Amino acid sequence: MRDTWQHTWTIAKRELVGYFASPVAYVFIVIYLLLNGFFTFMLGYFFERGEASLAAPFFFWHPWLYLFLVPAAGMRLWSEERRLGTLELLLTMPITPWQAIIGKFIASWLFLILALALTFPVVLTVSYLGDPDMGAILTGYFGSVLLAGAYLAITSMTSAMTRNQVISFILSVVVCFFLILCGWEPVTRPLANADWIPEWLVRTVASFSVMTHFVSMQRGVIDSRDLIYFLSAIGFPLFCTGVILRGLRA
Amino acid sequence: MIKVQNLSKSFGSKVAVNDISFSVERGEVLGFLGPNGAGKSTTMRMITGFIPPTSGKITVGGFDILENPIPAKRLIGYLPENAPAYTDMTVYGFLGFAAELRGLYKDEKKKAIHRVVEMCFLEAVLHQSVDTLSKGYRHRTCFAQSIIHDAAVLILDEPTDGLDPNQKHEVRNLIRQMGANKAIVFSTHILEEVEAACSRAIIIDRGRIVANGTPEELKQKSDLAGAVSVRVLGMSAETVRQKLNQISIGRKAAIVKEDVTSVWARVYPQANSRNGDLARSVAEISAKEGWKIEELHTEEGRLDEVFRSITLPDTVKEESK
C-alpha cells in the first residue's frame, strides 16, 4: 500500500516538474489569470453590480474559461508519452497502470488548483469592498476545482486516444462543450418548449451537464447529488483512460 | 530466470511471433538475431509485459508475467527499442525517477545513480536536459535506467544502435561483464556483436526460431566452415583447380579469384573430415607440384553467411544460386 502511494506520487512529481521545466506553465498561469480578470471585471461587471458576491461575476465564467484552458493543460498527459515512446518504459516498470493514470491526473489537477488559488486577489477585493459570504466563496472554489477535475479527466481520456496533442485538445474541447451545452439554459429552454421533445428527455440529458451541477455550488450549496455527479464525471473518463491504454498494448 | 513456452502473438491476421520456446539462465547472454520485422522486438515486449501474448506462457524468476506482473517486472531491467526518455527532464532527474519507481529512495537512490552514471560515462551530461543530448548519450541514459536497480534479468532491444564504434565496444564489454551473474537477452543485427558478447544465440525469422546454439556451433553450419583457402603464385587457375580436385577428402575445389600473378583457390571438405586433414593434403599437393604458396589457411565459417542462408526468403535463395 505504501508502495502504491509512493509510485503514484513519484509519477505525479515527475509530471509537475515537467510542467515547470518549460515556460509553458508560466505562460498558462498568466493567461489564466488575465482571462479570469477580464471576465470578472469587464464582462462580469464586478463593480457595477454592487453586490459582495463572486457567484455571478467570477465563478459563472469558469465552465467557459476551463473549456479551453483545461484541455490545453492536460492534452500532453498521454499523447506525449505515446509520441516519445516512453509509454513502453513507464508501463514496464513495476507499477500498475492505475498508479500512472492517477499520478498523472493528480499532477495536472494540482497544477490547475495552483492556478485557481492564484486568483485570491479577487477574494481580497470583494471582502475589502463589502461583506461577502465566505462560506459561499469557499463552496464556489470547491465546485470550480471539481469542474476542472471533470474536464481534466475527459482530457486525460482523449489524450490517451492519440499521439497528437492537437487532436487530443480538439476532442476534449468538443466533449466538454457538449457537457456545457446540454444543460445550458439558452439551449435547454427552447428545447423544453418544443412539443415534439418529451420534457423528461430534456431533463435527463441536462442532468449530464456540468452546468446544472455547478450552478448550485456557485451559490454556496453543496448537494450530495452534485458531489456524486462530479466524482463520477472524474472517475468514468479515468476508467476509460485505463481501458484505452490497455487496448493500445493488445 | 526467463522461461518462454510456446509463445505466439498475432496482430489481426498477421502472425508476428509463432510458437517460440526458449529459456535463459543466470550467467547467460543470449543474442537475439533476425532480420528486421522478424519478431524480435515483439518477443521482448511480451517478456517485459508491455504487450500480452496471444498464447503461450512467460515466467521471469518463476513469476508469470501475466498473473504476477509486479514481482516479475521488479526483476527486469528493460531498454526499449530507440531508447525513449522524457525529453523535459535532466539526466539526473530521469535516473532518479527510474530509481524511485524501482523502489530506491534517498541514499540508496543517490548511490544507484552514481553507480550507473559511472558505468555509462554520463558525468559530463548529468545536469543537462535529455532534449539536448546527442543520440549516443541519450541511448546510454536509457541504458543506465535499465541497470539502475541491478536487476537479475536484462532485456535490451538493440543496445548498440546509433552508437559510435568506441561506444559500441564499451557497451558490449559492459554486457559481457554483467552477463557473469545476470540473465541477459539482447537483440541486434550486427553479427560481430554476437561473437563478442554472447554465450548463446538464437536466430529468429518470420516469427520462428530457425537456429539456436553457441556462436561457434552456428558458425559450423556455414558452408565455409573447415574449407581450406590457398593462394598460389604463377600458376594457371585451371591447373590449380584440377590438382586440388584430386584431393580425396575434399568435396570440391573452386577458384575464388585470380589476377596476373596469383590464384586464390578454395577446397571444401567432405562432411565428416577432421579439422586439419584437408589443409595437410593441400600442402602435400603443393609440395609435390612445386607451387609457390603465399597463403594457406582453414576457414572458420562466418556467422553472416549462416545468417543469410537461414533467413533469406526461399525465392531469393534460388536466385542467388
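Here is how names work: the chains are called A, B, and so on, in the same order as the sequence lines, proteins then strands, and each is numbered from 1. On a predicted model such as this, the values are computed, not experimentally measured, just so you know.
- Within 6.0 Å of CZ on B:Arg115 lie more than 12 heavy atoms contributed by other residues, nucleotides or ligands.
- Proximity to chain B (any heavy atom under 4.5 Å) is restricted, for A:Arg76, to the side chain, taken from C-beta onward.
- Side-chain atoms of A:Thr241 come within 3.5 Å of backbone N or O of A:Pro237 as a donor-acceptor pair.
- Ranked by non-hydrogen atom pairs under 4.5 Å with chain B, the options A:Thr86, A:Ile11, A:Val17 are led by A:Thr86.
- Of the atoms belonging to B:Pro69, not a single heavy atom falls under 4.5 Å from chain A.
- If you measure heavy-atom distances from B:Ser129 to chain A, you find no contacts under 4.5 Å at all.
- Between A:Phe230 and A:His213, the ring planes are perpendicular. Angles over 60° get that label, and only those under 30° would be called parallel.
- Annotation: cation-pi pair B:Arg140/B:Tyr137 present, NZ/CZ under 6.0 Å from the ring centroid and within 45° of its normal.
- Of the atoms belonging to A:Leu248, not a single heavy atom falls under 4.5 Å from chain B.
- Under the 3.5 Å distance criterion, with hydrogens and angles disregarded, no donor-acceptor pair is assigned to the side chains of B:Tyr78 and B:Gln145.
- Of the two parts of B:Ala83, neither the backbone nor the side chain holds a non-hydrogen atom closer than 4.5 Å to a non-hydrogen atom of chain A.
- Across all their heavy atoms, A:Leu238 and A:Ser156 have their closest contact at CD2-OG, 3.9 Å.
- Heavy atoms closer than 4.5 Å to chain B are found in the side chain of A:Glu81, but not in its backbone.
- Side-chain atoms of B:Ser8 and B:Asp19 include no donor-acceptor pair closer than 3.5 Å.
- Heavy-atom distances place no part of A:Ser22 under 4.5 Å from chain B, backbone and side chain included.
- Ranked by non-hydrogen atom pairs under 4.5 Å with chain A, the options B:Pro80, B:Gly77, B:Pro53 are led by B:Pro80.
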